[in-house]
There are 2 protein chains.
Amino acid sequence: MSHSESTPVTAADKTFLQLRKNIVEGVISAGSKLSETELSTKYAVSRAVIREAINRLETCRLVERKANIGARVVALTADGLLELYQIRESLEGMAARLAATHMSDEEIAELKDLLTQHFEEVKDGHSYYQEAGDVDFHYRIIIGSKNKQLISLLVDGIYHLVRMYRVQLGMAGPRVTTAFGEHQQIVQAIVNRDPELAEMLMRRHILYSKNNIQSKLQILNPTHKRRTS
Amino acid sequence: MSHSESTPVTAADKTFLQLRKNIVEGVISAGSKLSETELSTKYAVSRAVIREAINRLETCRLVERKANIGARVVALTADGLLELYQIRESLEGMAARLAATHMSDEEIAELKDLLTQHFEEVKDGHSYYQEAGDVDFHYRIIIGSKNKQLISLLVDGIYHLVRMYRVQLGMAGPRVTTAFGEHQQIVQAIVNRDPELAEMLMRRHILYSKNNIQSKLQILNPTHKRRTS
DNA sequence: CCCTCCCACATTGTCGACAATATGGGGATT
DNA sequence: AATCCCCATATTGTCGACAATGTGGGAGGG
């Protein structure tokens, strides 16, 4: 429930964070088995700690466990990524709707600042925007929804999953140039305190990202028959 | 990840199911502490099993754990229930949208049958519809979305939470009579393969439920200032 | 040559004991 | 009397060992 990522205090915490990092960044490849004994020797902790860490990874939906068989990193499917984007479309759309009502004027001002800052960097040709900037933008709107359970769902769970999928399927960051304009529109809707529009724009924004990814996937793997949303 | 609720094979499975049942039905009251030693004696299993069960409860978001302090059943707030309904509105709206495209003709026929069956029971004055029927209806549409991650999110997580909140805050089942008509409309939209309409109707349906609950809560607890969504 | 059954092995599940950390109360000081 | 510090105690975190379960391979029969 802690999306605040406080400093790890327990061995299981540290092991969990390391494992999550390695999984999300692809050091531990998707679909691979997580052997408790193996990991316990590798990380020099007891099996109990490893089990605890694996349980938390399961909470994030990054691994799946079967009784008496073991834990595996989730299998990566193109369909899986598209499913995630459908969930994001729905949930972040709601987040934007709520943010338009619940964000304080101060938060909105900071959001605008963030966007102009990104604009400077994009203008100078920096690619910084690609990953961290986009995540930060969406993150603030999610926080702005003020719905704790929604925040936890997205920040603690879905976002790590999306990152993993993107890394492992070789999807680069989101579309840089066009996405920026969409972000601007969304912020404007929030500034105007227009929940309906904010939601609609956010949903379209994520839908476009999904379509973009989908077309890339079809190029990489053309045997799949198209699965219209 | 298994929304199929297969027969429990491991001791931790059984303990988890018992604990979840007790929590959802209010036998273990909200906000209460889950002492590992106490539970291990009570259920006659080792602490490791209890810890495992508590971890799974945490995965369902039914309990929260703090390092070196322990696990507590989640605190129940009226706001928390409303937050959940916002999430449901968003997620089940998407589920209905997807179901309108992905449900097979057979599944749709079964859904219609379910509704007429409910109609008979409501007509005869049975109150069966109140709980199980409503859940079943929503359940089928969620399954019909064919989005595995969405299904898991709702069935394994959010629905147990909603039930717990409803039981413990003394909310009876959903509004019987009016909800039935809304269900009919939703099914009709799915029959017509109209994703947009199905989503919109589902969202309105859940929003109405939320408003209904909200008004009840205000009667029960009139000191709270209204929190418009 | 292939299929089946059975057994040894590896892995996960469970247990009890020990270590580390929070908590509450009692005593000393002001 | 009030406040602060310190320690006893209870609880959680971690560990290694044992039990139960799944898995693969080899012996035997067809």
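Throughout, protein chains are lettered first and strands after them, A, B, ... in sequence-line order, and every chain is numbered starting at 1.
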Asker: So if I take residues 27-34 of chain B and measure heavy-atom distances to DNA chain D, which residues fall below 4.0 Å?
Answerer: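 Contacting residues: B/Lys33, B/Leu34.
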Asker: Could you tell me how far apart B/Glu64 (CD) and D/dT12 (P) are, to the nearest whole angstrom?
Answerer: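 Atom CD in B/Glu64 sits about 16 Å away from atom P in D/dT12.
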Asker: Quick one: A/Asp13 CG to C/dT21 P, roughly how many Å, whole number?
Answerer: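 Answer to the nearest Å: 13 Å.
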Asker: Going by heavy atoms in the side chains, are A/Tyr85 and A/Ser90 under 4.5 Å from each other?
Answerer: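 A/Tyr85 vs A/Ser90: side chains apart.
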Asker: Taking the side chain of A/Ala67 as heavy atoms from C-beta outward, which of C/dC15, C/dG13, C/dT14 is closest to it?
Answerer: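 Within the option list, the nearest is C/dG13.
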Asker: Between C/dG13, C/dT12, C/dT21, which nucleotide gets closest to the side-chain atoms of A/Thr37?
Answerer: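 Looking only at side-chain atoms, A/Thr37 lies closest to C/dT12.
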Asker: Is any side-chain N of the basic residue among A/Arg203 and B/Glu199 closer than 4.0 Å to the acidic one's carboxylate O?
Answerer: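 A salt bridge is present here (some side-chain N lies under 4.0 Å from a carboxylate O).
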Asker: Please give, in whole Å, the distance from C/dA10 P to A/Glu38 CD?
Answerer: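 Result: 14 Å.
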Asker: Using heavy-atom distances to pick each residue's nearest nucleotide on DNA chain D, tell me which of A/Glu52 and A/Ile69 is more 5'.
Answerer: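 Here A/Glu52 is the residue nearer the 5' end.
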Asker: D/dT12 phosphate, OP1 or OP2: any side-chain N/O from A/Thr10 under 4.0 angstrom?
Answerer: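 False: A/Thr10 side-chain N/O out of range (4.0 Å or more) of D/dT12 OP1/OP2.
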Asker: Using the 3.5 Å cut-off, write out each protein N or O paired with an N or O of nucleotides 5-10 of chain D and the distance between them.
Answerer:
none

Asker: Can you check whether B/Ile28's main-chain N or O pairs, donor with acceptor, with B/Asn22's side chain at less than 3.5 Å?
Answerer: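 Side chain of B/Asn22 to backbone of B/Ile28, a donor-acceptor pair under 3.5 Å: no, none is there.
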Asker: Salt bridge check: are B/Asp79 and A/Lys148 linked by an N-O gap of less than 4.0 Å?
Answerer: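 No, no charged N to carboxylate O under 4.0 Å.
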Asker: Using whole Å, what does the distance between atom P of nucleotide C/dG16 and atom CD1 of B/Ile50 come to?
Answerer: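 Value for this atom pair: 12 Å.
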Asker: Are B/Glu36 and B/Arg51 ion-paired here, with the side-chain N under 4.0 Å from a carboxylate O?
Answerer: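 A salt bridge links B/Glu36 with B/Arg51.
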Asker: So, is B/Ser46 close to the C/dC15 phosphate, meaning a side-chain N or O under 4.0 Å from OP1 or OP2?
Answerer: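 Yes.
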Asker: Which part of the nucleic acid, if any, lies within reach of B/Ala48 when heavy atoms closer than 4.0 Å are counted: base, sugar-phosphate only, or nothing?
Answerer: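 Base contact - B/Ala48 has a heavy atom under 4.0 Å of at least one base atom.
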Asker: Under 4.0 Å between a side-chain nitrogen and a carboxylate oxygen: does that hold for B/Glu64 and B/Arg72?
Answerer: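 No, B/Glu64 and B/Arg72 are not salt-bridged.
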Asker: Looking at A/Glu107 and A/Lys146, is there a salt bridge between them, counting it only when a charged N and a carboxylate O are closer than 4.0 Å?
Answerer: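 Counted as a salt bridge, because a side-chain N and a carboxylate O are separated by less than 4.0 Å.
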Asker: Which nucleotide wins on minimum distance to the side chain of B/Ala12, given the candidates D/dC15, D/dT12, C/dT14?
Answerer: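 Ranking D/dC15, D/dT12, C/dT14 by closest atom to the B/Ala12 side chain puts C/dT14 first.
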Asker: Starting from C1' on D/dT12, measure out to CG on B/Asn68 and report it in whole angstrom.
Answerer: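 The answer, rounded to whole Å, is 6 Å.
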Asker: Check whether any side-chain nitrogen or oxygen of A/Arg51 sits under 4.0 Å from OP1 or OP2 of C/dT12, and answer yes or no.
Answerer: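 No.
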Asker: How close do A/Pro8 and A/Asp13 get, counting heavy atoms only, and between which atoms?
Answerer: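 What the structure gives for the nearest pair is CB-CB, 3.5 Å.
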Asker: Where the side chain of B/Arg47 is defined as all heavy atoms beyond and including C-beta, which of D/dG13, D/dC15, D/dG22 is the nearest nucleotide?
Answerer: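 Ranking D/dG13, D/dC15, D/dG22 by closest atom to the B/Arg47 side chain puts D/dG13 first.
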Asker: Do A/Arg56 and A/Glu52 meet the salt-bridge criterion of a basic N to acidic O distance under 4.0 Å?
Answerer: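 Yes, charged N to carboxylate O under 4.0 Å.
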Asker: Starting at atom CZ of A/Phe16, determine the distance to atom P of D/dG13, rounded to an integer number of angstrom.
Answerer: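 Taking CZ of A/Phe16 and P of D/dG13, I get 15 Å after rounding.
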Asker: Please determine whether the number of non-hydrogen atoms from other residues, nucleotides or ligands lying under 6.0 Å from atom NZ of B/Lys33 exceeds 12.
Answerer: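 Count over threshold, so yes.
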Asker: How long is the line joining CD of B/Glu36 and C1' of C/dT14, in whole Å?
Answerer: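 Rounded to the whole Å, the gap is 15 Å.
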Asker: What is the separation between atom NZ on A/Lys66 and atom P on C/dG13, rounded to the nearest whole Å?
Answerer: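 In whole Å, C/dG13 P and A/Lys66 NZ are 13 Å from each other.
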